[in-house]
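This report refers to the structure that appears directly beneath it.
In this text the structure is predicted, and so the values were computed from the model without any measurement. Computed from heavy atoms alone, side chains included, the values below leave out hydrogens, waters and symmetry copies. We name chains A, B, ... by the order of the sequence lines, and we start the count at 1 in each one.
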Amino acid sequence: MILSEKFYSDNNVISVGKKLLGKTLCTSFEGILTSGIITETEAYAGETDRASHAYGGRRTARTGIMYRVGGTAYVYLCYGIHSLFNVVTSPEGIPHAILIRSIKPVDGIEAMALRANKAIISEKQGTGPGNVSRLLGIHYRHSGLLLCSNHELHPLEDAIWIEDRGILVPEDRIESGPRIGVDYAREDALLPYRFKVKNGTL
DNA sequence: CGGCCGATCCACT
DNA sequence: GTGGATCGGCCGA
């Protein structure tokens, strides 16, 4: 089942960050389907979160994407090399977003191996936000794509979406901790907004 | 328009 | 554990 706008429009970014664990992130580019189960996320809590690109109400051509309706893809370039994939959550006008940090590869393993320039794909290849995008073929040009438009009507159209395939990650299997690489965020750097499945086991 | 730097990864030691 | 790769976005002049 493809997650709907209702799932993403939840104003509680922490709760959505946790609920995304165990869901399956899918892409279809040029007719090639690849997917992976989300095993790690980070929540970015809008204008009051010093770690967020929207901190203080900063709204530019790039970060303006985060103010769109929940279920919009926010992808941006990091360190000049990596496209990092986020999904906007909350209603339109509130710039909450979840960064997808790790996946367990599922569909299209061969295509992923090709993209990663590896002979085989192990679970390790899906670790790290830059790698997630690399395996799934996500590029910052995809920023602004809607994740819940009905792509099934256009199977050959490029699309990103998230599915619920019935994998349940109970609260006691979720480990929370501080986010990565946000030391500049001062007191907010310590907030436990990073969520991962314990031992990476699903 | 110039300069700085980032929600990172990987090869190498 | 460390440093190089690599470039768009943003800010200040």
For [Y], does its backbone N or O pair with a side-chain atom of [X] as donor and acceptor, under 3.5 Å?
X: A:Thr63; Y: A:Arg58; answer: yes
X: A:Arg115; Y: A:Leu135; answer: yes
X: A:Ser133; Y: A:Ser83; answer: yes

Through direct or indirect side-chain contacts below 4.5 angstrom among Ile, Leu, Val, Met, Phe, Trp and Tyr, which residues connect to [X]?
X: A:Tyr44; value: A:Ile65, A:Met66, A:Tyr74, A:Tyr76, A:Leu84, A:Val88, A:Leu99, A:Val182, A:Tyr184
X: A:Ile32; value: none
X: A:Val69; value: A:Leu146

key: Test item: A:Asp158 and A:Leu145 side chains (from C-beta on) under 4.5 Å apart, heavy atoms   = no

message = Tell me every residue that passes salt bridge (Lys or Arg N to Asp or Glu O under 4.0 Å) with A:Arg50, counting only those two or more places apart in sequence or in another chain.
response = A:Glu187

ask   = Partners of A:Arg101 by salt bridge (Lys or Arg N to Asp or Glu O under 4.0 Å), sequence neighbours excluded?
value = A:Glu40, A:Glu42

Results of side chain to side chain donor-acceptor pair (under 3.5 Å) for A:Thr27 - residues two or more places apart only = A:Thr34

inquiry  = How would you summarise protein contacts on nucleotides 8-13 of chain B per nucleotide, using B for base, S for sugar-phosphate only and - for none, with heavy-atom distances below 4.0 Å?
reply    = BSS---

query = With sugar-phosphate meaning primed atoms plus P, OP1 and OP2, does A:Tyr44 contact a base, only sugar-phosphate, or nothing at under 4.0 Å between heavy atoms?
reply = base

request  = Quick one: the dot-bracket string of DNA chain B, using Watson-Crick and G-U wobble pairs with both distances under 3.5 Å, [ ] for crossing pairs and | for bases paired to another strand.
outcome  = ||||||.|||||.

query = Is there a residue in residues 46-72 of chain A whose heavy atoms reach under 4.0 Å of DNA chain C, and which residues are they?
reply = A:Arg58, A:Thr60, A:Arg62, A:Thr63

ask   = Can you check whether A:Tyr184 has a side-chain N or O nearer than 4.0 Å to OP1 or OP2 of B:dA7?
value = yes

query = Expressed as a whole number of Å, how far does the C1' atom of C:dG3 sit from that of B:dC5?
reply = 16 Å

task = Kindly state whether the ring of A:His142 and the ring of A:Phe29 have centres lying under 6.0 angstrom apart.
result = yes

N/O donor-acceptor pairs under 3.5 Å from side chains in residues 116-130 of chain A, not counting sequence neighbours:
unit_1: A:Ser122; atom_1: OG; unit_2: A:Lys124; atom_2: N; d: 3.4
unit_1: A:Thr127; atom_1: OG1; unit_2: A:Lys124; atom_2: O; d: 3.2

query = 5' to 3' on DNA chain C, which nucleotides open and close the contacts with chain A (atom under 4.0 Å from a heavy atom)?
reply = C:dA5 to C:dC11

Could you tabulate the donor-acceptor pairs under 3.5 Å formed by side-chain atoms of residues 166-173 of chain A, not counting sequence neighbours?
unit_1: A:Glu171; atom_1: OE2; unit_2: A:Lys18; atom_2: NZ; d: 3.0
unit_1: A:Arg173; atom_1: NH2; unit_2: A:Lys198; atom_2: O; d: 3.3

